[in-house]
Protein chains: 2
Amino acid sequence: MTIRLADAGEQNVLKPCIHDYQVNCGNCRLNSICLPLALESDDIEQLDEIIQRSKPLQKSQHLYREGDVFKSVYAVRSGAMKAYKTTDDGREQVTGFYFPGEILGMDGISNNLHASSAKALETAAVCEIPFTSLEKLSTLMPSLQRHFFQLMSREITEDQQLITLLSKNSADERVASLMLSISTRNSKRKLSATQFRLPMSRVDIGNYLGLTVETVSRVFSRMQKLDILRVDNKEIKILDVSGLQKLANVAS
Amino acid sequence: MTIRLADAGEQNVLKPCIHDYQVNCGNCRLNSICLPLALESDDIEQLDEIIQRSKPLQKSQHLYREGDVFKSVYAVRSGAMKAYKTTDDGREQVTGFYFPGEILGMDGISNNLHASSAKALETAAVCEIPFTSLEKLSTLMPSLQRHFFQLMSREITEDQQLITLLSKNSADERVASLMLSISTRNSKRKLSATQFRLPMSRVDIGNYLGLTVETVSRVFSRMQKLDILRVDNKEIKILDVSGLQKLANVAS
DNA sequence: AGCACACCTTGACGCATATCAAGGATAGAA
DNA sequence: TTCTATCCTTGATATGCGTCAAGGTGTGCT
């Protein structure tokens with residue numbers, strides 16, 4: 001079986017290797033998102049050495065589960081992941097969606113146990129970054145230490161954004177915000193900011209935003225009627241960005 | 001003017017100094033919460049040297065404001081603080097309450113700007129920990145580096161708890177959870193787990209939990225009627241812990 | 001002590017979103 | 001292709017919490 005990743009193709013020409021999903025950090029297309037480091041090139045090589053690239057995950061396969069011993073954080077290389085917790089009464093709470101270049105698993109550091117589960121929303125490849133190696137390397141490379149402090153801090157500010165969204169905003173505003181967030185993250189990866197395919201189901205969206213499926217569906221219908229979005233199942237086209245921003249109630 | 005802190009009294013007998021609010025980390029009563037480090041005593045001394053202890057904040061005084069340049073994180077030494085963000089449309093979102101031994105300000109690391117404001121809920125003393133010094137020290141002391149990774153990770157998991165609470169739980173469950181959280185944090189500080197004075201207003205509670213003042217007030221009345229709490233303005237007495245846990249919908 | 005202002009409580013009512021229900025669309029399997 | 005399971009949409013109804021309104025309580029200032 002040949003595994004072929006969209007991002008890996010060009011590298012293979014230059015640098016063939018046993019598995020064609022092998023890439024290295026130095027020429028990974030995503031390193032500006034994943035590691036916006038002021039790293040010297042031999043620093044990157046050191047980092048590259050500790051990172052493990054494993055076989056892609058199939059859709060709905062778990063990367064780790066809540067309660068697993070924490071060993072590594074992970075960078076998404078292709079595809080998309082969701083993180084979720086199971087509440088005491090057995091329901092699920094989606095805590096985040098992760099796209100290529102984004103890091104997940106940092107919530108496991110505090111107790112050495114993963115505080116949430118991570119599951120592939122579609123076929124996905126990840127880079128595994130063993131945390132003890134990362135810690136050691138961080139003491140040697142101040143810029144790497146700083147970068148990880150920043151990454152974790154960003155996770156905190158993003159969670160606080162979501163808290164505000166859940167606490168203060170209407171269903172329309174929540175869905176609009178998520179669409180804008182995905183749009184922004186896409187454009188950081190040099191993909192279309194106005195047209196994309198949602199990797200997650202309506203249930204996941206609702207779960208993440210504290211809404212029911214029905215409400216999410218109705219919001220999409222409403223936005224379509226207002227010519228703000230064109231929704232065709234999971235295909236989204238943003239027709240009116242500023243209208244969407246107005247709906248999301250954010251300063252552009 | 002003489003400033004006197006509850007925690008500082010006994011230290012002054014042993015180690016008088018210019019300001020009687022001066023304490024050091026080595027004999028601070030809170031160091032088991034603030035720094036549960038496997039630090040050697042001379043490590044603690046090094047940490048102690050970078051920490052600045054300033055004059056207490058008066059009620060409603062700001063420690064920092066959203067958008068301020070980020071220089072330090074802060075440990076609460078006495079009193080209580082709240083952190084909040086101002087939304088694009090000018091409303092306030094309380095993102096956390098901080099009690100003695102707890103650390104705030106870590107959301108400023110990612111952009112070198114504070115992502116939220118911090119305000120004293122009552123007269124409060126804080127320890128200022130300059131971040132660049134902390135970073136330098138962390139490269140030299142792996143256990144300190146690890147500790148800060150853990151602290152930030154804990155902030156992430158706590159935010160995720162709040163996300164779940166806001167997304168899935170009723171008004172009763174939210175208020176019950178907050179009461180249990182304060183109770184737990186009190187007992188970590190060797191204070192009563194069943195009787196305490198809330199430092200924050202009903203507005204702040206509602207704001208934090210995504211509820212209106214009126215709803216918070218009604219929940220308190222309801223819990224009082226059920227003999228779960230005794231509420232006398234800001235004085236809270238928990239009469240039925242397991243009843244409260246049941247209301248909060250958490251596994252005890 | 002007396003006043004003023006902020007904070008808290010309670011009630012009546014309305015609305016946004018959940019819930020319940022049913023049918024349609026889509027995608028993977030045989 | 002056809003079957004089947006999952007996902008999505010839409011409508012009708014219910015409800016928890018917000019909103020509006022009014023009055024009470026506590027606290028700090030003069």
Side-chain angles (χ1 to χ4, degrees), chain A residues 58-61 82 87 89 91-94 119-123 165-179 197-226 229-236 247 249, chain B residues 58-61 82 89 91-94 119 121-123 165-179 197-226 229-236 247 249:
Chain A
Q58 292 307 310
K59 178 174 174 168
S60 88
Q61 229 183 315
K82 75 166 176 183
T87 60
D89 53 337
R91 287 173 303 173
E92 195 175 285
Q93 171 66 45
V94 175
K119 199 180 198 178
L121 291 168
E122 57 194 13
T123 307
L165 198 68
L166 292 173
S167 167
K168 296 266 177 305
N169 294 51
S170 69
D172 291 305
E173 292 166 338
R174 295 183 205 182
V175 175
S177 294
L178 179 60
M179 292 306 107
R197 183 180 177 77
L198 297 173
M200 72 293 278
S201 70
R202 301 285 193 270
V203 177
D204 285 332
I205 293 176
N207 197 318
Y208 177 68
L209 295 175
L211 301 169
T212 58
V213 210
E214 293 95 327
T215 301
V216 174
S217 186
R218 279 187 254 266
V219 171
F220 275 136
S221 302
R222 227 174 291 154
M223 286 180 173
Q224 186 150 228
K225 211 165 282 167
L226 294 169
L229 294 184
R230 212 170 58 70
V231 183
D232 178 17
N233 199 16
K234 306 210 162 175
E235 291 292 336
I236 300 288
L247 259 187
N249 223 339
Chain B
Q58 292 307 308
K59 179 173 173 169
S60 88
Q61 229 183 313
K82 76 166 176 182
D89 53 338
R91 286 174 303 174
E92 197 174 284
Q93 172 66 44
V94 175
K119 198 181 198 177
L121 290 167
E122 57 194 9
T123 306
L165 199 68
L166 292 173
S167 168
K168 294 266 178 306
N169 294 57
S170 68
D172 290 308
E173 292 167 337
R174 295 183 205 183
V175 175
S177 293
L178 178 60
M179 293 303 108
R197 183 181 177 77
L198 297 174
M200 72 293 277
S201 69
R202 301 285 192 272
V203 177
D204 285 332
I205 293 176
N207 196 316
Y208 178 66
L209 296 174
L211 301 170
T212 59
V213 208
E214 294 95 326
T215 301
V216 174
S217 186
R218 279 188 255 267
V219 172
F220 275 137
S221 302
R222 227 175 291 154
M223 287 180 173
Q224 187 149 228
K225 211 165 282 168
L226 293 170
L229 294 183
R230 212 171 60 68
V231 183
D232 178 16
N233 199 16
K234 304 209 161 174
E235 290 294 335
I236 300 288
L247 259 186
N249 225 338

*With DNA chain C as reference, determine whether B/Val216 or A/Thr212 sits nearer its 5' end, using the nearest nucleotide of each.*
B/Val216
*Are side-chain heavy atoms of A/Tyr208 and A/Lys82 found at a separation under 4.5 Å?*
no
*So how far is it from B/Asn207 CG to B/Glu92 CD, rounded to the nearest 0.5 Å?*
5.5 Å
*When rounded to the nearest 0.5 angstrom, what is the spacing between CZ in B/Arg222 and OG1 in B/Thr215?*
8.0 Å
*What does A/Lys234 touch in the nucleic acid at a heavy-atom separation under 4.0 angstrom: a base, only the sugar-phosphate, or nothing?*
sugar-phosphate
_A/Ser201 side chain near D/dC7 phosphate (N/O to OP1/OP2, under 4.0 Å)_ = no
*Please give, in whole Å, the distance from D/dT25 C1' to B/Glu235 CD?*
16 Å
*Measure the distance from CD on B/Glu214 to P on C/dC8 and round it to the nearest whole Å.*
12 Å
*Give, for atom CD of B/Gln224 and atom CD1 of B/Ile236, the distance between the pair rounded to the nearest 0.5 Å.*
8.5 Å
*Rounded to whole angstroms, how far apart are NZ on B/Lys59 and P on D/dC29?*
11 Å
*Roughly, in whole Å, what's the span from CZ in A/Arg202 to C1' in C/dG24?*
14 Å
*OP1, OP2 of D/dG18 versus side-chain N and O of B/Thr215: anything below 4.0 Å?*
yes
*Is a donor on one side and an acceptor on the other found under 3.5 Å between the side chain of A/Gln61 and the backbone of A/Lys119?*
no
_Inter-axis angle, terminal five-pair segments of the helix from C/dA1-D/dT30 to C/dA30-D/dT1 [nearest 10°]_ = 50°
*Can you tell me the distance, in whole Å, between the CD atom of A/Gln58 and the P atom of C/dG28?*
12 Å
*NA contact type, A/Gly210, heavy-atom cut-off 4.0 Å: base, sugar-phosphate, or nothing?*
sugar-phosphate
*Are side-chain heavy atoms of A/Lys234 and A/Ser201 found at a separation under 4.5 Å?*
yes
*CG of A/Asn233 versus P of C/dG24: gap in Å, rounded?*
17 Å
*B/Asn207 CG to C/dC8 P: how many Å, rounded?*
13 Å
_Residues touching DNA chain D, which here means a heavy atom under 4.0 Å, drawn from residues 218-226 of chain B_ = B/Arg218
*Point-to-point distance, once rounded to the nearest 0.5 Å, from CD of A/Glu122 to CG of A/Leu198*: 10.5 Å
_From CD1 of A/Ile205 over to C1' of D/dC7, roughly how many Å is that when rounded to an integer?_
12 Å
*asked:* To the nearest 0.5 Å, what is the distance between CG on A/Asn169 and CG on A/Leu209?
replied: 10.5 Å
*Donor-acceptor under 3.5 Å (A/Glu235 side chain, A/Asp232 main chain)*: no
